[in-house]
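Quick note on labels: first sequence line is chain A, next is B, and so on, each numbered from 1. All heavy atoms count here, side chains included; hydrogens, waters and symmetry mates do not. These numbers were taken from a predicted model, which means no experiment stands behind them.
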2 protein chains.
Amino acid sequence: MPISIQDVAKKANVSISTVSRVLNRRNIVNEETRKRVESAINDLGYSPNVFARGLMLRRSHILGLVLPDLHGEFYSEIIRGANLRARELGYKLMISSAVAKDDGSELMAAVADHGMVDGLVVMISEITSRIRETLRKATVPLVILDGDVDGVKHDSVVIDQRTGTIAMLRHLLRRRDLRRIVFVGGPVTNIDSMERLNAYHEVTAEFGIEVGPDDVHHLDYQYDTAFDLAAANVGEWARRGAAVFAANDEMAAGVIDAALAAQLAVPADLPVVGFDDTRVASMTRPRLTTVRVPMSEMGAAAIDLLCQRFDNVEQPPTKLVLQSKLIVRDSCGS
Amino acid sequence: MPISIQDVAKKANVSISTVSRVLNRRNIVNEETRKRVESAINDLGYSPNVFARGLMLRRSHILGLVLPDLHGEFYSEIIRGANLRARELGYKLMISSAVAKDDGSELMAAVADHGMVDGLVVMISEITSRIRETLRKATVPLVILDGDVDGVKHDSVVIDQRTGTIAMLRHLLRRRDLRRIVFVGGPVTNIDSMERLNAYHEVTAEFGIEVGPDDVHHLDYQYDTAFDLAAANVGEWARRGAAVFAANDEMAAGVIDAALAAQLAVPADLPVVGFDDTRVASMTRPRLTTVRVPMSEMGAAAIDLLCQRFDNVEQPPTKLVLQSKLIVRDSCGS
DNA sequence: CTGAAAGCGCTTACAG
DNA sequence: CTGAAAGCGCTTACAG
C-alpha cells in the first residue's frame with residue numbers, strides 16, 4: 001500500500017504535524033528539521049494523498065472544462081490553451097463534452113456537484129432553461145465562454161469578431177475596385193454568422209456598396225455546399241466585380257476551388273476571404289486572407305479568470321474581450 | 001456549507017450507516033427506510049463528498065489521458081472517443097499534454113502519483129528512458145496508445161496501418177494502368193511514415209512496379225512542402241504514368257492543388273491518394289481516396305481496456321489491434 | 001435490517 | 001519551533 005504521512009514522520013523522527021508543515025511551507029519549520037523531513041520524503045517517494053488533502057482543504061486543484069462538442073479545431077484549441085495555462089498555475093483539467101442526447105445539464109451537474117472541481121469553464125451552444133437552472137446551482141466559480149447567462153453569477157470571456165471583420169472588409173474594399181461583396185454565411189440561427197453579417201452590412205454601407213438580394217447566402221459552414229454554390233455562380237460574381245466573404249475558412253476553400261475549376265483566377269478575377277484562420281487557411285492556393293479568432297487564448301484566459309476569482313470571490317464579474325485579428329495572405333489580392 | 005451525510009441521516013431519522021448503505025446499494029435496506037432516505041437525499045439535493053469517498057474507497061473514478069500534444073485533429077478525436085466512453089462507464093477524464101520543455105515524464109508523474117486517477121492512458125511520440133522509468137513506477141493500470149514500452153506492464157491499443165495501406169495501393173494498381181507510384185512521406189524518423197513506406201514497397205514489388213530513386217520523398221507532413229515538391233515534378237510524374245501516394249491527407253491536398261495549378265487533371269492525368277481520412281480529405285476536388293485510421297475508436301478502446309483491467313488485475317496484457325480502412329473517393333480514378 | 005465506532009490520511013487550531 | 005488531538009465526510013466490519 002502507498003506510503004503515508006505517518007511513514008514519513010516515523011522516518012524523520014517528527015510528528016505528522018511537522019511533516020504537514022514542511023509540505024505546506026507553513027510557519028517556519030526549523031531548518032534542520034525541515035531538511036530531515038524533506039530527505040525522508042524523497043527517500044520514501046512520498047506524495048500526499050489527494051483525497052485526504054481535498055477533504056480538509058476543500059480544494060481539488062482540478063478545473064472543469066465543459067464544451068458543446070469535442071469535434072473540430074476550435075474546441076481542441078480551447079482545450080490546448082486551457083490545459084497549458086492550468087498546468088502553469090498548478091491545476092489539472094477535467095474535460096467533458098455535452099453529447100447529443102442530453103443538453104449538457106446532466107453533465108454539468110455531475111461535474112459541478114461533488115465538489116470535484118474547484119471551478120468550471122463552460123461553453124454552451126444553446127442555453128436552455130434547464131442549463132440555466134443547473135448553472136445557477138453551481139457552487140464553484142464559473143466562467144462562461146462566448147456567451148452570457150442571465151441570473152447566474154459568472155465571469156466571461158468573449159471574442160470581438162466585429163472589429164476583425166470590419167478590418168478585413170475595409171482592407172478588401174480599399175485596395176480593390178470592388179463593386180460587390182458576396183456573403184457566404186452559416187445558418188441564420190448561428191449567432192457568429194449573424195455577427196459577421198452585421199459587420200458586412202456596416203462596411204458595405206460605409207463604402208456605398210450595394211447589397212442585392214442574391215448577395216447574401218446562408219449555408220452550413222461546409223466546403224461542399226460552398227463549392228456547389230460557387231460553382232453555379234462564380235462566373236457571374238466575377239463578371240459583376242464581386243469579392244466573396246465566406247463566414248469560415250472551409251467555405252472559403254470551397255469557393256476558391258470552384259473558381260479555379262471554372263478557370264477563374266483568385267484573387268485576380270475573384271478575391272475571396274475567409275474567417276477563423278484555421279489550418280485550412282494555409283491549405284489553399286492562394287492562401288486565405290482571413291480573421292484569426294484567438295481560441296487557445298480564450299481557453300487560457302478562462303483559466304486565468306477562474307484563478308483570479310479564487311483569490312477574490314467578491315469582486316464584480318469580469319468580462320474579458322479578446323480581439324480578433326485580420327490576417328492578410330494572398331486570396332484578397334492586395 | 002454543503003450538506004453532508006449527517007444532514008440526510010438526521011432528516012430521514014436514521015444513522016449515517018444506513019444512508020451510506022442506500023447510497024451504495026449495499027445489503028438490503030428495508031424498503032420503507034430506503035424510500036425515506038432517498039427522499040431526504042432528493043429534498044436536500046445531497047451528493048456525497050468525493051474526497052471522503054475517495055479516501056475510503058481509494059478510487060476516484062477519474063481516468064487520466066496523456067497525449068504528446070493537443071494540436072490537431074488526431075488528438076482531438078482520441079479525446080472525443082475516450083471522453084464518450086468514459087462517460088458511459090461512469091468515469092471522468094483528466095487530460096494533459098506534454099509540452100515542449102519537458103519530455104512528459106514530469107507530467108505523468110504528477111498525474112499518476114497522488115492516486116488522483118484510477119488508471120492512465122498514455123500516448124508517447126518518443127519513449128525516452130526517463131519516460132520508461134516514470135511509467136514503471138506507475139501504480140495504476142496503464143494503457144499505451146500506438147506503442148510499446150518494454151519492462152512496463154501495460155495493455156495497449158495499436159492501429160494496423162499496413163492492411164489499409166496495402167488495400168489502397170492494390171486498389172490503385174488494379175484499376176489503372178500505372179507505371180509508377182511516387183511516395184510522398186513524412187520525416188524518415190517518423191515510424192508511421194516508415195510503416196506506410198514498407199507497405200508501399202511490398203505492393204510495388206507484388207505488382208512488379210519499379211521504384212526509382214526519385215520515387216520516394218521524405219517531407220514534413222505539410223501542405224506547403226508537398227505543394228512545392230509537386231509543383232516542380234507533376235509534369236514529369238504525369239508523363240511517366242505515375243500516381244502519388246502521400247503519407248497524409250494534407251500533403252495529398254498540396255499535390256492535388258499543384259497538379260491543378262499545372263493544368264493537370266486529377267485523377268485523369270495523375271491519381272493521388274492520401275492517408276488518415278481527416279476533414280481535409282473531403283475538402284479537395286476531387287475528393288481524396290485515403291485510409292481511415294480510427295482515432296476516436298482508439299480512445300474509446302483504451303478506456304474499455306482500463307476498465308476491464310480494474311475488474312481483473314491479473315489477466316495477461318491485452319494488445320488490441322484496430323484496423324485501418326480504405327476509403328475510396330474520387331482522387332484515385334476508379 | 002440497523003446503529004455505534006473505528007479508521008481512511010490529511011490539516012490546523014491549541015498548548016507547550 | 002513542535003506535538004497531541006480534533007475533525008473533514010465518508011465506508012465498513014462488528015454487534016445487536
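Among the nucleotides C:dG3, C:dT2, D:dC10, the one closest to the side chain of B:Ser17 is C:dG3. Across C:dG3, D:dC10, C:dG9, the shortest atom-to-atom separation from the side chain of B:Pro48 is found for D:dC10. Listed nucleotides: D:dG9, C:dC14, C:dT2. Nearest to the side chain of B:Arg21: C:dT2. Minimum atom distance to the side chain of A:Met56 is reached by D:dC8, of the listed D:dG3, D:dT2, D:dC8. The B:Asn24 side chain lies nearest to D:dT11 when the options are D:dT11, D:dC14, C:dC10. For B:Ile5, whose side chain is taken as the heavy atoms from C-beta onward, the closest listed nucleotide among C:dT12, C:dC10, D:dT11 is D:dT11.
Here B:Leu57 lies in heavy-atom contact (under 4.0 Å) with sugar-phosphate atoms only. Residue-level contact check: B:Ser4 touches the backbone only, with heavy atoms under 4.0 Å from sugar-phosphate atoms and none from bases. In this structure, B:Thr18 reaches the sugar-phosphate backbone alone: every heavy-atom distance under 4.0 Å involves primed, P, OP1 or OP2 atoms, never a base.
Distance NZ/A:Lys92 to CG/A:Leu63: 11.5 Å, rounded to 0.5 Å. Remark: B:Thr18 OG1 to B:Arg34 CZ distance equals 13.0 Å, nearest 0.5 Å. Distance check: A:Lys35 NZ to A:Thr33 OG1 gives 11.0 Å after rounding to the nearest 0.5 Å. Once rounded to the nearest 0.5 Å, the distance linking CG of A:Leu322 with CE of A:Met295 reads 10.0 Å.
Because its NZ or CZ atom is both nearer than 6.0 Å to the ring centre of A:Phe310 and within 45° of the ring axis, A:Arg59 counts as a cation-pi partner of that residue.
As rounded to whole Å, 13 Å separates atom C1' of C:dT2 from atom CD1 of B:Ile16. One atom, CZ of B:Phe51, and another, C1' of D:dC8, lie 11 Å apart when rounded to the nearest Å. For B:Gln6 and C:dG3, the CD to P distance is 13 Å, given to the nearest whole Å. One atom, CD1 of A:Ile3, and another, P of C:dC8, lie 15 Å apart when rounded to the nearest Å. In this structure, the CZ atom of A:Arg58 is 19 Å from the P atom of C:dG9, given to the nearest Å. To the nearest angstrom, C1' of D:dG7 lies 17 Å from CZ of A:Arg53. Rounding to whole angstrom units, CG of residue A:Asn13 and P of D:dC1 are separated by 19 Å. In this structure, A:Lys10 places its NZ atom 18 Å from C1' of D:dT2, rounding to the nearest Å.
A salt bridge links B:Arg292 with B:Glu297: the distance from a Lys NZ or Arg NE/NH1/NH2 to an Asp or Glu carboxylate oxygen falls below 4.0 Å.
Across the strands present, C:dA4 finds no partner; the criterion is a Watson-Crick or G-U wobble pair with both atom distances under 3.5 angstrom.
Side-chain contact of A:Arg53 with A:Asn24: a donor-acceptor pair under 3.5 Å is present, judged by distance alone.
Of all heavy-atom pairs between B:Asp118 and B:Tyr91, the closest is OD2-CE2, 3.8 Å.
Across the C1' atoms, D:dT12 and D:dG16 are found 16 Å apart, a figure rounded to whole Å.
Within residues 31-44 of chain A, the residues having any heavy atom under 4.0 Å from DNA chain D are, by residue number, A:Thr33.
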